[in-house]
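Note: hydrogens, waters and symmetry copies are ignored here, and every other heavy atom, side chains too, is used.
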Amino acid sequence: PEQNLEGLTIEGFIEEIKADKMPIAIHPRMEKFFNNEFPYQSGDTIYLFSDGYSDQFGGPKGKKFMSKHFKELLISIYKMPMSEQQHQLDKRIEEWESEYGQSQNDDICVIGLRL
């Protein structure tokens, strides 16, 4: 199946394409994955990420980082060179974990591509 998504060209805007609910492994319920297509322009930045960053515990109250904060962080850094973005992401999650004395509790995968 295919999903066609119409994008907006607003600076600092995130358009989220929800992931399929299927695991990437052998599972009792195996279904096809959607093939998502979306418009893009030269200079756009695309992020692919797992839930690990937003599910990380820490901060002053030992709570999850949350996807809203993760998306705000991406918007705040997307104009930076990709190597600096990596540095900022690493720095922020380490600060978050250390605020409450937490260690990483899940795999974290963030892939950024600038077109």
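Under the 3.5 Å distance criterion, the side-chain polar atoms of Glu95 are left unmatched by any main-chain donor or acceptor of Asp90. Remark: the backbone N or O of Leu89 is paired with a side-chain donor or acceptor of Tyr53 at under 3.5 angstrom.
Applying the side-chain contact (heavy atoms from CB on, under 4.5 Å) test between Gln88 and each of Arg92, Glu84, Gln85, Gln86 identifies Glu84 as the sole match.
To the nearest 0.5 Å, the span separating CD on Gln102 from NZ on Lys63 amounts to 13.0 Å. Rounding to the nearest 0.5 Å places CG of Leu74 at 13.0 Å from NE2 of His69. To the nearest 0.5 angstrom, Phe65 atom CZ is 14.0 Å from Phe57 atom CZ. Taking CD1 from Ile75 and CD from Glu72, the interatomic distance works out to 7.5 Å, rounded to the nearest 0.5 Å. The structure places OG of Ser54 at 7.5 Å from NZ of Lys64, a figure rounded to the nearest 0.5 Å. Taken to the nearest 0.5 Å, the OH atom of Tyr78 stands 10.0 Å off from the CD1 atom of Ile14.
Taking each heavy atom of Gly52 and Asp106 in turn, the nearest pair found is CA-OD2, 4.0 Å. Heavy atoms only, all atoms of each residue included: Glu99 and Pro60 are closest at OE1-CD, 3.4 Å.
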Checklist entry - Where do His87 and Met80 land on the side chain to side chain contact (heavy atoms under 4.5 Å, CB included) test, with the steps shown first? => result CA-CA 10 Å; His87 173 73; Met80 296 176 180; over 6 Å; no
- Given the rule in the side chain to side chain contact (heavy atoms under 4.5 Å, CB included) test, do Gln41 and Leu115 qualify, once you have shown the distances and angles that lead to the verdict? CA-CA 7 Å; Gln41 303 177 56; Leu115 306 177; over 6 Å; no
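The neighbour count for Met66 CE, taken as heavy atoms of other residues, nucleotides or ligands under 6.0 Å away, does not exceed 12.
Ile111 and Met82 fall into different hydrophobic clusters, where Ile, Leu, Val, Met, Phe, Trp and Tyr side chains are chained together by heavy-atom contacts under 4.5 Å.
Counting only heavy atoms from C-beta outward, the side chains of Ile46 and Phe38 approach each other to under 4.5 Å.
With sequence neighbours excluded, the residues satisfying ring pair (Phe, Tyr, Trp, His ring centres under 6.0 Å) with Phe49 are Phe70.
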